[in-house]
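A short worksheet on the structure shown next.
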Amino acid sequence: MLELRLVQGSLLKKVLEAIKELVTDANFDCSATGFSLQAMDSSHVALVALLLRSEGFEHYRCDRNLSMGMNLGNVSKMLRCAGSDDIITIKADDGSDTVTFMFESPNQDKIADFEMKLMDIDSEHLGIPDAEYQAIVRMPSGEFARICKDLSSIGDTVIISVTKEGVKFSTAGDIGTANIVCRQNKTVDKPEEATVIEMQEPVSLTFALRYLNSFTKATPLSETVSISLSSDLPVVVEYKIADMGYVRYYLAPKIEE
Amino acid sequence: DAKQGNILSFFKKT
């Protein structure tokens, strides 16, 4: 028996919008720790890891570990039927081949049940080792989204370079080139508007902008994003979900031949 | 040209 009640149902709606472009089908894993997902895109270039900790739910019952295969487009269709202020409850019986999403309006005058068929998905779980990153950049998520969108109108790839001067995003295409430098800026009114660079040593890596743009679908989940870079590792682009967990995207770099 | 890396060459299956 599984029953997860999330008062801030809009969070789940945003989570689906954040991952459905990258991944088509995925297993949602439910355990005492929380509600989680790990999945790669079809070309195995990017990986998304989601965690919603059990403590973040108003009610969390998961009698035994359960893995539920879902088509994310279909989940998104179902969740789009929930109002933005609705309370969402996810329910599944042991051994059932369906999951139920229940939507309650805030004043309880409307209750809807949407039952969705589950699917068998062969997914590979990958071990992601803890790593020391050469540089971690924290910046407003909207700013990062804007940079990725702007650069993708010029080129297909971005070189992200971190030095003590700041973080530079560079691209080149048929019509020209572009460079955007963001300097560390801690002297802002609100901490979420700051750009903070923690650098152990300078690092420069090249990534496909198409994937980074896809990651920015998570922007509504968090006002800030952190970008962790090391020369021999995929970049980690993390959006924290307040009090609950995170959506982390891993993207393999482009490698010079 | 740079070649696109693959996640599976960085993270191993558990």
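Naming convention: chains lettered A, B, ... in sequence-line order (proteins, then strands); numbering from 1 in each chain. In what follows, every heavy atom counts, from backbone to side chain, and hydrogens, waters and symmetry copies are set aside.
- With a 6.0 Å radius and a threshold of 12 heavy atoms from other residues, nucleotides or ligands, A/K149 has its NZ atom at or below the threshold.
- In A/K217, the NZ atom is not crowded: 12 or fewer heavy atoms of neighbouring residues, nucleotides or ligands sit closer than 6.0 Å.
- Summarising the geometry of A/I255 relative to B/G5, their closest heavy-atom pair is CD1-CA, 4.0 Å, with the distance given to 0.1 Å.
- With a 4.5 angstrom heavy-atom cutoff, A/D41 does not touch chain B via any of its atoms.
- For A/T157, no part sits under 4.5 Å from any heavy atom of chain B, backbone or side chain.
- Between B/Q4 atom CD and A/T206 atom OG1 the span is 10.0 Å, to the nearest 0.5 Å.
- The minimum heavy-atom distance linking A/A252 with B/N6 is given by the pair CB-N, 3.7 Å.
- The number of heavy-atom neighbours closer than 6.0 Å to CG of A/D156, taken from other residues, nucleotides and ligands shown, is 12 or below.
- The closest side-chain heavy-atom distance from B/F11 to A/Y250 is below 4.5 Å.
- With values rounded to the nearest 0.5 angstrom, B/F10 atom CZ is found 13.0 Å from A/I128 atom CD1.
- Shown here is A/D120, whose CG atom has no more than 12 heavy atoms of other residues, nucleotides or ligands within 6.0 Å.
- When all heavy atoms of B/L8 and A/L126 are compared, the pair lying nearest together is CD2-CD2, 3.7 Å.
- Using a 4.5 Å cut-off between heavy atoms, B/K12 contacts chain A through its backbone alone, with no side-chain atom that close.
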